[in-house]
Structure formats: C-alpha cells, structure tokens
Amino acid sequence: MLPTHDTSARQHTGGPTPVPGRGGNRNPQVRRPELSNVEVEIASLLDRSTQELRLAWRKLHRTEPPLGISRDLLIRRLAYDLQQRAHGGPNFRLRRRLQTLAAASEKSARSVDAGVALKAGTTLVRQWRGHTHAILVREDGFEYEGERYRSLTVIAERITGAHWSGPRFFGVTKRARGSVLAEARA
C-alpha cells in the first residue's frame with residue numbers, strides 16, 4: 001500500500017503546495033547534477049524560510065511584497081522572476097498583442113475572438129435564408145432588432161434556431177478575415 005501524505009499540516013504552516021515527483025532529498029545537485037544555476041536557485045526557494053523569501057523579494061523588486069501574499073505564491077513569483085531574468089521575458093510579438101488587447105479594453109471595444117476586436121458602433125450584416133440581419137456592436141454588448149444581447153452566439157441561435165458560434169456565424173474570426181482579404185486580392 002502506498003503511503004498517503006497529509007498536506008493539511010503544510011497548509012497551516014504556510015508551506016508551498018506539494019509538487020508531484022518531489023520528495024525526500026531536496027538537494028537538487030545530488031539528485032540531478034545537470035541542473036542549471038537558475039534551476040538550482042529556484043529549487044532552493046523551497047528550503048528558504050518565509051522571512052528569507054520576503055528578503056529575496058525586497059532585493060529583486062526594491063519594495064515590500066504585497067500584503068497577505070502566501071508563501072506558496074511568493075515562491076512561485078520569485079521563481080518566475082528568476083526564470084525571466086535568466087531567459088528573458090515575453091517576446092516582442094506577445095508584448096505587442098497584450099498591449100493591443102489592453103488598448104481595446106480601454107476603448108471599450110468588444111472582443112469576440114483573440115484576433116478580432118470590434119469597436120462600438122460597428123454594424124455586422126448577415127444574410128440568412130433570404131433575410132438580412134443587422135447587428136449593432138455596442139459598448140455593453142450587441143443590439144439586434146431593438147434588443148440587447150451579451151453575445152453574438154445568442155443572436156446566431158435566435159436567427160438560425162440552432163447552436164452556432166456567433167463570431168463564426170457573423171464572419172468575425174481570424175480565419176474569416178484572412179479569407180475575405182484573399183478574395184479581395186483575387
């Protein structure tokens with residue numbers, strides 16, 4: 001029968017949550033000599049006291065750690081910071097995408113797909129079974145036939161009577177945008 005580890009004591013002491021595959025020997029150099037310096041430093045975070053972790057935070061961030069941050073979260077954030085310092089942060093393309101999403105959020109643009117942000121005031125038009133359906137993008141959702149909706153999917157279901165992906169039904173996905181551009185060039 002396998003031994004069962006009681007983690008309730010760990011939760012009360014403020015220790016980190018257990019990590020599968022770790023146990024007994026916490027000396028990473030003995031267990032795996034091929035670890036890099038960063039990996040050794042990260043592994044050593046587990047053996048540090050909470051006070052030592054707070055001191056490491058102060059050295060790294062030149063400020064006090066946030067009030068109420070758990071030991072586990074402190075370890076995870078310090079490990080992230082060590083990795084970022086050693087290997088670099090997010091690449092330019094990811095940082096630019098995050099800035100674009102943040103700017104769209106600030107402008108109250110309605111995001112329906114990771115690659116598509118609709119601005120308030122945009123009108124989406126779709127022909128379905130001989131009828132033209134127009135949807136107005138609003139700051140707080142969408143408007144169709146004088147009623148407000150939180151998602152395009154609900155509107156697509158109302159129009160078709162079946163479950164559809166709203167962004168796909170109205171052609172506001174990355175793939176649809178790419179195919180429209182390809183058709184325009186042809």
Side-chain angles (χ1 to χ4, degrees), residues 7 11 16-22 36 38-39 42-43 45 57 60-61 65-186:
T7 59
Q11 292 171 352
T17 54
V19 178
R22 290 201 187 244
S36 70
V38 174
E39 292 171 319
I42 289 171
L45 291 173
W57 181 285
L60 196 61
H61 295 283
L67 290 176
I69 189 171
S70 70
R71 175 182 163 77
D72 184 48
L73 194 53
L74 198 59
I75 289 171
R76 290 172 188 262
R77 177 56 197 258
L78 286 170
Y80 172 80
D81 292 336
L82 291 170
Q83 288 174 339
Q84 190 172 11
R85 186 177 66 193
H87 304 295
N91 64 26
F92 175 76
R93 186 173 174 181
L94 177 59
R95 284 194 318 268
R96 187 177 63 199
R97 178 71 184 131
L98 291 172
Q99 288 171 347
T100 301
L101 289 172
S105 176
E106 289 173 8
K107 293 177 185 175
S108 297
R110 193 74 181 158
S111 180
V112 294
D113 183 275
V116 178
L118 300 174
K119 292 183 181 179
T122 302
T123 302
L124 304 173
V125 180
R126 168 70 199 255
Q127 293 268 338
W128 179 256
R129 296 193 175 166
H131 297 286
T132 302
H133 302 275
I135 288 75
L136 176 64
V137 178
R138 303 180 59 93
E139 289 185 19
D140 58 345
F142 303 94
E143 185 176 320
Y144 173 64
E145 293 184 341
E147 293 183 43
R148 292 190 184 177
Y149 296 89
R150 289 179 49 198
S151 76
L152 286 173
T153 300
V154 175
I155 299 171
E157 285 181 23
R158 181 173 168 203
I159 292 170
T160 64
H163 179 73
W164 275 75
S165 161
R168 192 169 189 187
F169 180 79
F170 290 103
V172 289
T173 60
K174 267 182 152 178
R175 184 173 25 176
R177 185 177 62 190
S179 65
V180 168
L181 291 175
E183 289 176 13
R185 291 181 190 143

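What you see is a predicted model, and the numbers here were worked out from it, not measured in a lab.
Applying the side chain to side chain contact (heavy atoms under 4.5 Å, CB included) rule to Arg158 yields the partners Tyr144, Glu145, Glu147, Tyr149; only residues at least two apart in sequence or on another chain are considered. Not counting sequence neighbours, the partners of Gln127 by the side-chain hydrogen bond (donor to acceptor under 3.5 Å, both in side chains) test are Thr132. The side chain to side chain contact (heavy atoms under 4.5 Å, CB included) test applied to Leu98 returns Leu94, not counting sequence neighbours. Shown here are the side-chain hydrogen bond (donor to acceptor under 3.5 Å, both in side chains) partners of Arg95, two or more places apart in sequence or in another chain: there are none.
Each of Leu73, Ile42, Leu45 was evaluated against Leu78; a single residue qualifies, Leu45, per the side-chain contact (heavy atoms from CB on, under 4.5 Å) test.
Residues in residues 121-132 take part in no salt bridge (charged side-chain N to carboxylate O under 4.0 Å, His left out) pair, two or more places apart or across chains. Note on residues 153-173: pairs passing ring-ring contact (aromatic ring centres under 6.0 Å, His included), not counting sequence neighbours, are Trp128-Trp164, Trp128-Phe169, Trp164-Phe169.
In this structure, CZ on Arg96 lies 7.0 Å from OG1 on Thr100, to the nearest 0.5 angstrom. One finds the CZ atom of Arg150 at 15.5 Å from the CZ atom of Arg138 (value rounded to the nearest 0.5 Å). The structure places CD1 of Ile159 at 4.5 Å from CD1 of Ile135, a figure rounded to the nearest 0.5 Å.
Of the charged side-chain nitrogens involved, none lies within less than 4.0 Å of a carboxylate oxygen, so that Asp81 and Arg85 do not count as a salt-bridged pair.
At least one side-chain heavy atom of Pro167 sits under 4.5 Å from a side-chain heavy atom of Thr153.
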